[in-house]
Number of protein chains: 2
Amino acid sequence: MPSRRADPLTLEVVELIGDVVTRYHQEYEHAASSHQLTGAQARVLNLLSLEPMPMRKIAQKLRCEPSNITGIVDRLETRGLVERRPDPADRRVKLAAPTEEGLQTADRLRESLDFAREPLAGLSPAERAVLRDLLRRMLG
Amino acid sequence: MPSRRADPLTLEVVELIGDVVTRYHQEYEHAASSHQLTGAQARVLNLLSLEPMPMRKIAQKLRCEPSNITGIVDRLETRGLVERRPDPADRRVKLAAPTEEGLQTADRLRESLDFAREPLAGLSPAERAVLRDLLRRMLG
DNA sequence: TATTGTTATACTCTATAACTATA
DNA sequence: TATAGTTATAGAGTATAACAATA
């Protein structure tokens with residue numbers, strides 16, 4: 001791939017997207033650590049609060065090796081936020097599911113995780129629709 | 001902060017931004033590892049390729065503790081991509097600077113790091129300007 | 001044989017605290 | 001005293017490979 005020089009406008013948009021990504025991650029980590037969770041733990045807890053799932057599926061969602069999930073769920077389980085249940089349909093499978101306390105933590109986390117909600121408040125509904133359409137096209 | 005329920009449009013935009021963040025990070029890590037670098041190493045190398053700087057300043061840019069930078073620069077130095085130079089003005093300071101090979105690696109990395117360039121190719125200049133303005137307002 | 005989850009291993013990133021050499 | 005960089009330490013995330021239980 002030859003290095004085509006992008007125009008200044010494109011470069012600025014690329015940089016702005018990088019800024020959004022940076023801020024998003026900072027606020028995500030901060031929100032997680034305010035609940036004594038790491039970013040990875042918060043992501044798994046959020047995932048499970050939507051729907052209990054096998055360890056392997058968590059790894060697929062997070063795009064990492066299944067062996068990593070063992071440790072992350074171990075730590076959430078030690079904290080009493082998640083539990084492992086047998087899968088009646090397949091005894092090899094363990095279903096990870098949030099406890100009642102885990103669901104509450106996930107809810108409180110989600111409230112502080114809607115980073116974009118505040119900045120979007122400054123945009124009109126029409127502008128938000130434009131932003132939505134542009135982002136959709138960016139993501140293909 | 002009470003949990004106000006956001007409208008569907010806002011929620012979709014929030015989710016789309018999350019998708020952009022996810023894809024950005026995946027492509028960043030992939031581009032870095034294609035050069036046998038970790039994400040943190042790639043970020044430091046890119047930073048230094050713009051301008052040599054003291055170890056402490058790298059930590060400020062990356063928003064991490066200075067002690068972490070020692071190891072990251074160590075690994076880049078072992079690879080021959082970065083070198084430590086004395087600061088004539090203050091003998092406590094070590095300036096981290098890219099080697100010739102480090103600059104070349106940074107250049108090749110940058111070519112594959114302009115993630116947004118390709119997706120933006122589908123947007124007209126006018127649409128890019130709209131996106132730029134919306135992102136600017138999001139970032140305050 | 002193939003799949004699920006785990007264990008063992010090794011590396012990297014991260015923060016904290018203590019150390020050194022300068023200022 | 002204060003600052004720059006390092007070292008030591010510990011915890012967490014990650015990938016790879018090998019393993020037991022089950023399909």
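Because only heavy atoms are used, hydrogens play no part in the values below, and waters and symmetry mates are left out as well, while side chains stay in. Reminder, nothing fancy here: chain letters follow the sequence lines and each chain counts from 1.
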Pi-cation contact, A:Tyr28 with A:Arg43 (under 6.0 Å, within 45°):
yes
A:Arg91 side-chain N/O to D:dA23 phosphate OP1/OP2 under 4.0 Å
yes
Regarding B:Asp7 and B:Thr10, is there a side-chain donor-to-acceptor distance under 3.5 Å anywhere?
yes
Out of D:dG5, D:dT16, D:dT14, whichever nucleotide has its closest atom nearest the side chain of B:Thr70:
D:dG5
Taking atom P of D:dT6 as reference, at what distance in whole Å does atom CG of B:Leu95 sit?
12 Å
I need the CD-C1' distance between B:Glu29 and C:dC11, as an integer number of Å.
14 Å
Let's see if you can work this out: which of D:dA23, D:dG13, C:dT12 has an atom nearest to the side-chain heavy atoms of B:Arg75?
C:dT12
What contact category does A:Asp90 fall into here, base, sugar-phosphate, or nothing, at under 4.0 angstrom with non-hydrogen atoms?
sugar-phosphate
Would you indicate what B:Ile72 reaches in the nucleic acid, counting non-hydrogen atoms under 4.0 angstrom: base, sugar-phosphate, or nothing?
sugar-phosphate
Would you mind telling me which of D:dA17, D:dT14, D:dA23 lies closest to the side-chain atoms of A:Ala40?
D:dT14
Rounding to a whole Å, what distance do you find between B:His25:NE2 and D:dT14:P?
12 Å
Determine the contact category for B:Arg56: base if any of its heavy atoms lies under 4.0 Å from a base atom, sugar-phosphate if only primed atoms, P, OP1 or OP2 are that close, otherwise nothing.
base
Send over the distance from A:Leu62 CG to D:dT14 C1', rounded to a whole Å.
12 Å
Want to settle it: does A:Arg43 or B:Met53 sit nearer the 5' end of DNA chain D, counting the closest nucleotide to each?
B:Met53
Report, as yes or no, whether the 6.0 Å neighbourhood of atom CD on B:Glu15 holds more than 12 heavy atoms from other residues, nucleotides or ligands.
no
Check this for me, if you would: do A:Arg137 and B:Glu127 make a salt bridge, where the nitrogen-to-carboxylate-oxygen distance has to be below 4.0 angstrom?
yes
Record whether the side chain of A:Ser67 comes under 3.5 Å of the base of D:dT14 through a donor-acceptor pair of N or O atoms.
no
OP1, OP2 of D:dG11 versus side-chain N and O of A:Thr38: anything below 4.0 Å?
no
Closest of D:dG5, D:dA4, D:dA15 to the B:Arg92 side chain is D:dA4
Between P of C:dT16 and CG of B:Asn68, the distance in whole Å:
10 Å
Take atom CG of B:Leu45 and atom P of C:dC13, then tell me their distance rounded to the nearest Å.
13 Å
In whole Å, I'd like the distance from the CD atom of B:Glu65 to the P atom of D:dA10.
18 Å
Atom-to-atom span, CG of A:Asp74 to C1' of C:dT6 - whole angstrom:
9 Å
Is there a side-chain polar atom (N or O) of B:Lys94 under 4.0 Å from OP1 or OP2 of D:dT6?
yes
Checking the side chain of A:Thr99 only, and the main-chain atoms of A:Gly102 only, is there a donor and an acceptor separated by less than 3.5 Å?
yes
